[in-house]
Undergrad: 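Right, I'll just put the structure down here and ask away after.
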4 protein chains.
Amino acid sequence: MARRLTPRGKERREQLMEVATRLFAQKGYHRTSVADVCDTCGVGKGVFYWYFDSKEALFNAILAGALHDLRRTQQRAIEPSPDPIERVTAGIEASLDFLAANDDLFNLIDFAGTDAHFSPVVRHGIDVVVDDTTRHLKEAIAQGAIPDADPYFLAHGITTITLTFVRRFLHRGSAEGTVDAVAVGRAAVAFCLHGIGLAAED
Amino acid sequence: MARRLTPRGKERREQLMEVATRLFAQKGYHRTSVADVCDTCGVGKGVFYWYFDSKEALFNAILAGALHDLRRTQQRAIEPSPDPIERVTAGIEASLDFLAANDDLFNLIDFAGTDAHFSPVVRHGIDVVVDDTTRHLKEAIAQGAIPDADPYFLAHGITTITLTFVRRFLHRGSAEGTVDAVAVGRAAVAFCLHGIGLAAED
Amino acid sequence: MARRLTPRGKERREQLMEVATRLFAQKGYHRTSVADVCDTCGVGKGVFYWYFDSKEALFNAILAGALHDLRRTQQRAIEPSPDPIERVTAGIEASLDFLAANDDLFNLIDFAGTDAHFSPVVRHGIDVVVDDTTRHLKEAIAQGAIPDADPYFLAHGITTITLTFVRRFLHRGSAEGTVDAVAVGRAAVAFCLHGIGLAAED
Amino acid sequence: MARRLTPRGKERREQLMEVATRLFAQKGYHRTSVADVCDTCGVGKGVFYWYFDSKEALFNAILAGALHDLRRTQQRAIEPSPDPIERVTAGIEASLDFLAANDDLFNLIDFAGTDAHFSPVVRHGIDVVVDDTTRHLKEAIAQGAIPDADPYFLAHGITTITLTFVRRFLHRGSAEGTVDAVAVGRAAVAFCLHGIGLAAED
DNA sequence: TATGAATGAGTATTCATTCAT
DNA sequence: TATGAATGAATACTCATTCAT
């Protein structure tokens with residue numbers, strides 16, 4: 001691949017990725033065929049293989065993009081603050097917002113994590129996020145802001161809680177239907193802050 | 001279905017379920033064919049359909065069994081204690097032990113949660129566990145053992161953390177390889193206890 | 001085959017044939033499995049193959065029986081009369097009655113006629129009936145009761161009309177639902193008698 | 001389905017239908033596999049499902065085409081004549097010619113009539129033909145050309161006789177082999193005309 | 001770039017038949 | 001006689017991928 005694309009070509013590629021993201025999220029990767037994607041776009045199969053080497057390559061492209069966007073969003077939210085705990089909080093909130101707003105991407109990441117072919121990519125993406133968080137926690141521990149504990153474990157706990165609160169409370173699967181996203185976010189953040197040993201202050 | 005089975009038949013059925021569990025966990029549900037299962041068992045394809053209506057039915061049977069066993073394990077560990085916090089702790093530890101010991105089942109539950117066809121079953125199974133935990137947390141809140149917060153959210157946080165620490169640290173996916181399971185368990189429990197607002201005591 | 005059967009064995013065999021007749025008529029020969037027949041009877045598969053060499057053999061047994069009964073019914077109705085035209089009329093009426101009363105058998109005969117494996121049997125069965133009719137018609141022509149025409153053709157016409165009026169007007173397929181069977185019979189007979197050249201007298 | 005086809009595609013589709021028609025007629029619908037059709041055409045299995053949704057859909061397409069062609073043939077033969085009896089006669093003759101010339105189609109229609117899945121289509125096709133005939137007979141009765149009788153029954157009789165004379169005398173199933181098609185046609189027409197009450201004039 | 005057509009290995013499932021008990 | 005279990009070839013259908021135009 002690594003084709004040089006005309007502007008029109010770029011649009012096509014993006015269109016295919018968007019449509020595929022939606023279909024993969026709705027029906028699952030294995031239950032979505034290349035033909036489904038092409039038909040939904042209204043293009044022939046040749047087009048698909050012009051832009052992507054394979055169905056798997058398409059999924060990887062989507063996945064990498066999603067993880068990259070997630071991280072960039074977090075970093076943007078984090079950068080300005082000088083206080084490590086505030087940075088962690090901002091990161092959690094940014095993640096919650098991003099995943100709540102991009103539930104298709106969330107579904108794909110979630111699935112990819114369980115599939116032998118794709119989980120390494122997800123694992124790596126999450127590791128990057130966890131490493132970020134770990135740095136902030138180390139700083140907080142050094143400052144004595146939170147008790148001394150393995151910051152890596154704590155960072156995983158935080159990341160995990162974030163993802164799962166999204167999965168459980170902010171997505172269509174939710175039986176409750178109309179949950180207050182803000183309340184969920186607050187609860188997640190509180191759980192995490194307590195989890196890392198910060199005394200409750202709310 | 002709902003066939004009356006001879007002892008030999010029961011054995012066969014169990015053999016098929018065990019083999020399928022292993023293969024599904026290794027290669028994934030969609031990448032494992034009925035033929036794979038039959039070949040591994042060394043039986044003809046007809047045998048499979050003598051015992052199960054479909055590949056999907058087999059998976060559901062495995063899934064339901066796994067969720068049922070998980071809950072029973074937790075309940076056994078929980079029952080004796082009068083202190084709600086101790087019960088929650090025992091539940092977390094029992095879950096960690098069970099899932100660490102049955103990593104194939106854990107993989108299946110994990111995948112099932114991301115698949116539109118199976119996620120309702122998983123969701124329900126988890127809800128049952130969460131409801132158990134919620135009860136204990138309510139009691140703890142009533143006793144003033146932990147701060148007043150939505151026990152349902154807390155219970156979800158606990159369940160999630162438990163599952164994910166298993167996923168990340170106790171299974172083959174782990175790059176580290178030789179993690180100290182006991183340390184992981186302690187970390188998970190600590191994070192959860194803090195998360196629900198219990199003051200650190202270690 | 002040609003097994004010697006105990007009284008109980010005979011009952012079993014007949015039960016299997018009756019159940020199979022019903023199922024074949026309802027769902028069609030190819031869409032009915034041996035397992036369907038056995039399950040409906042509540043017996044194991046071994047029983048089936050104890051009484052019949054194969055599914056095909058079972059069908060042939062049913063078919064032969066049906067054709068035999070049809071002919072015997074006609075002959076009984078025909079015998080007493082000295083007038084050939086009356087005998088033909090009686091034959092038509094007896095056939096109509098028999099087929100109307102045994103619509104399962106009618107369906108099987110009908111299907112068998114279109115299936116390469118079974119049509120020779122049906123053809124032969126119908127030839128026997130047609131030959132009977134041909135004899136009566138020859139006699140009628142010799143007596144000058146009806147115009148001189150190829151009696152074999154006429155006999156075929158009569159047989160055919162009879163079968164089709166049954167198919168169209170007396171069976172479940174009929175949209176009309178509540179047709180007067182007697183009127184249908186009269187119409188069929190009238191058409192046939194005219195068809196062979198008898199002047200209308202009604 | 002409802003694909004837009006290139007000229008080449010149209011050819012392929014027709015080729016598949018022709019080959020399938022031949023095979024269905026020879027071996028029967030249920031005994032002909034999709035693989036048989038593809039192999040005979042020398043194409044891969046995917047091709048079949050590019051043009052048809054299923055084996056059943058293919059059969060329905062063939063069936064509908066056959067019934068449509070039959071009717072069009074009859075109408076063309078009938079149109080010119082002002083005399084209702086002549087029109088009926090022309091219709092019978094046209095049907096005989098058409099079915100004699102397209103014995104594969106005749107076989108399929110015949111089978112379809114006995115199969116629960118397809119018989120409604122056949123029934124409807126025949127009803128259309130019968131309705132045509134009924135109109136002519138009504139006119140003939142009004143003119144006093146034939147005795148007053150239920151024209152609907154008469155029309156069924158005619159249609160039936162026509163079909164069966166074809167089945168019995170003009171097709172390969174026939175033991176006689178070399179029958180004079182013209183004589184058969186005359187006999188069929190004569191039987192029908194007498195059947196509706198027209199005095200013999202030959 | 002794009003399309004419709006073609007490929008063919010692969011999938012779940014069925015079913016007539018056989019067999020050990 | 002009867003049963004449940006087993007066989008395995010056959011079946012309809014799918015789908016990622018390739019290719020001629």
Side-chain angles (χ1 to χ4, degrees), chain A residues 3 5-6 8-9 12 30-38 42-58, chain B residues 3-13 30-38 41-58, chain C residues 3 5-6 8-9 12 30-38 42-58, chain D residues 3-13 30-38 41-58:
Chain A
R3 237 181 252 292
L5 298 173
T6 65
R8 188 184 167 201
R12 258 288 137 83
H30 292 289
R31 292 180 155 102
T32 302
S33 69
V34 172
D36 286 337
V37 176
C38 293
V43 303
K45 293 230 190 92
V47 169
F48 182 93
Y49 285 93
W50 178 259
Y51 292 105
F52 299 97
D53 279 338
S54 66
K55 185 185 171 188
E56 204 174 317
L58 162 67
Chain B
R3 239 178 250 291
R4 230 165 303 146
L5 297 175
T6 63
R8 187 188 173 193
K10 273 186 193 167
E11 266 178 49
R12 252 293 131 81
R13 204 185 123 97
H30 292 288
R31 292 181 156 99
T32 302
S33 70
V34 173
D36 286 338
V37 176
C38 294
C41 282
V43 301
K45 277 197 214 143
V47 168
F48 182 92
Y49 289 94
W50 178 260
Y51 293 103
F52 300 97
D53 278 336
S54 64
K55 185 185 168 186
E56 202 174 320
L58 162 66
Chain C
R3 238 180 251 292
L5 299 172
T6 64
R8 187 187 169 199
R12 257 290 136 84
H30 292 288
R31 293 181 157 101
T32 302
S33 68
V34 172
D36 285 338
V37 176
C38 293
V43 301
K45 293 231 190 92
V47 169
F48 182 93
Y49 286 93
W50 178 259
Y51 292 105
F52 300 97
D53 279 337
S54 66
K55 186 185 170 187
E56 203 174 318
L58 161 67
Chain D
R3 238 179 251 292
R4 230 164 303 146
L5 298 175
T6 62
R8 188 186 170 193
K10 272 186 194 168
E11 267 178 47
R12 252 295 132 78
R13 205 185 124 98
H30 290 289
R31 292 179 155 100
T32 301
S33 70
V34 172
D36 286 338
V37 176
C38 293
C41 282
V43 300
K45 275 194 217 147
V47 168
F48 182 92
Y49 289 94
W50 178 260
Y51 293 103
F52 299 98
D53 278 337
S54 64
K55 186 185 169 186
E56 203 174 318
L58 162 67

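Just so it is clear, the values below take in all heavy atoms, side chains as well, and ignore hydrogens, waters and symmetry mates. Just so it is clear: chains get the letters A, B, ... in the order the sequence lines come, proteins before strands, and each one is counted from 1.
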Undergrad: On DNA chain E, compare the nucleotides closest to B/E56 and D/P7; which residue's is nearer the 5' end?
TA: D/P7
Undergrad: Side chain of C/W50, heavy atoms from C-beta onward: which of E/dA2, F/dA12, F/dT1 has the nearest atom to it?
TA: F/dT1
Undergrad: Can you tell me how far the NZ atom of B/K45 sits from the OH atom of B/Y49, to the nearest 0.5 Å?
TA: 8.5 Å
Undergrad: Give a yes/no on whether any side-chain N or O of D/Y51 is located under 4.0 angstrom from OP1 or OP2 of E/dG4.
TA: no
Undergrad: Just checking B/G46: base, sugar-phosphate only, or nothing, at a heavy-atom cut-off of under 4.0 Å?
TA: base
Undergrad: Starting at atom NE2 of B/H30, determine the distance to atom P of F/dA16, rounded to an integer number of angstrom.
TA: 13 Å
Undergrad: Starting the side chain at C-beta, find the nucleotide from F/dT11, E/dG4, F/dT17 nearest to A/K55.
TA: F/dT17
Undergrad: Where the side chain of D/V47 is defined as all heavy atoms beyond and including C-beta, which of F/dT7, E/dT7, F/dC15 is the nearest nucleotide?
TA: E/dT7
Undergrad: When the P atoms of F/dT21 and E/dT1 are compared, how many Å lie between them, rounded to an integer?
TA: 23 Å
Undergrad: When you measure from the side-chain N and O atoms of C/Y49 to the phosphate of F/dA2, is any distance below 4.0 Å, counting only OP1 and OP2?
TA: no
Undergrad: Using only side-chain N and O atoms of D/S33, determine if any of them is under 4.0 Å from OP1 or OP2 of F/dA10.
TA: no
Undergrad: State, to 0.1 Å, how close A/C38 and A/G44 come at their nearest heavy-atom pair, and which atoms those are.
TA: SG-O, 3.9 Å
Undergrad: F/dA12, F/dA5, F/dT18: which one has an atom nearest the side-chain heavy atoms of A/K45?
TA: F/dT18
Undergrad: Please tell me if D/R8 has a side-chain N or O lying less than 4.0 Å from either OP1 or OP2 of E/dA6.
TA: yes
Undergrad: Could you check D/G9 against B/F48 and say which one's nearest nucleotide on DNA chain E is further toward the 5' end?
TA: D/G9
Undergrad: Find the distance B/L5:CG to F/dA5:C1' and express it as a whole number of Å.
TA: 10 Å
Undergrad: Can you tell me which residue among C/W50, C/F48, C/Y51 is in a side chain to side chain contact (heavy atoms under 4.5 Å, CB included) with C/R12?
TA: C/Y51
Undergrad: E/dT21 P sits how many Å from B/E11 CD, rounded?
TA: 14 Å
Undergrad: Looking at E/dA5, I'd like to know if its phosphate oxygens (OP1 or OP2) sit under 4.0 Å from a side-chain N or O belonging to D/T6.
TA: yes
Undergrad: Could you tell me which nucleotide pairs with F/dA20 by Watson-Crick or G-U wobble geometry, both distances under 3.5 Å, or answer none if nothing does?
TA: E/dT3
Undergrad: Kindly indicate whether the side chain of A/V34, heavy atoms from C-beta on, has any atom under 4.5 Å from the side chain of A/F52.
TA: no
Undergrad: Which heavy atom in C/D36 sits nearest to a heavy atom in C/R31, and how many Å separate them?
TA: OD2-O, 3.9 Å
Undergrad: In whole angstroms, how far is the P atom of F/dT11 from the CZ atom of C/R31?
TA: 15 Å
Undergrad: How long is the gap from OG1 on C/T32 to NZ on C/K55, to the nearest 0.5 Å?
TA: 6.5 Å
Undergrad: Ignoring the backbone of C/R12, work out which of F/dA2, F/dG4, E/dT17 is nearest its side chain.
TA: F/dA2
Undergrad: If each of B/V43 and D/A35 is mapped to the nucleotide of DNA chain F with the nearest heavy atom, which maps nearer the 5' terminus, i.e. the 5' end?
TA: B/V43
Undergrad: Just the rounded figure in Å: distance from C1' of E/dT17 to CG of C/L58.
TA: 14 Å
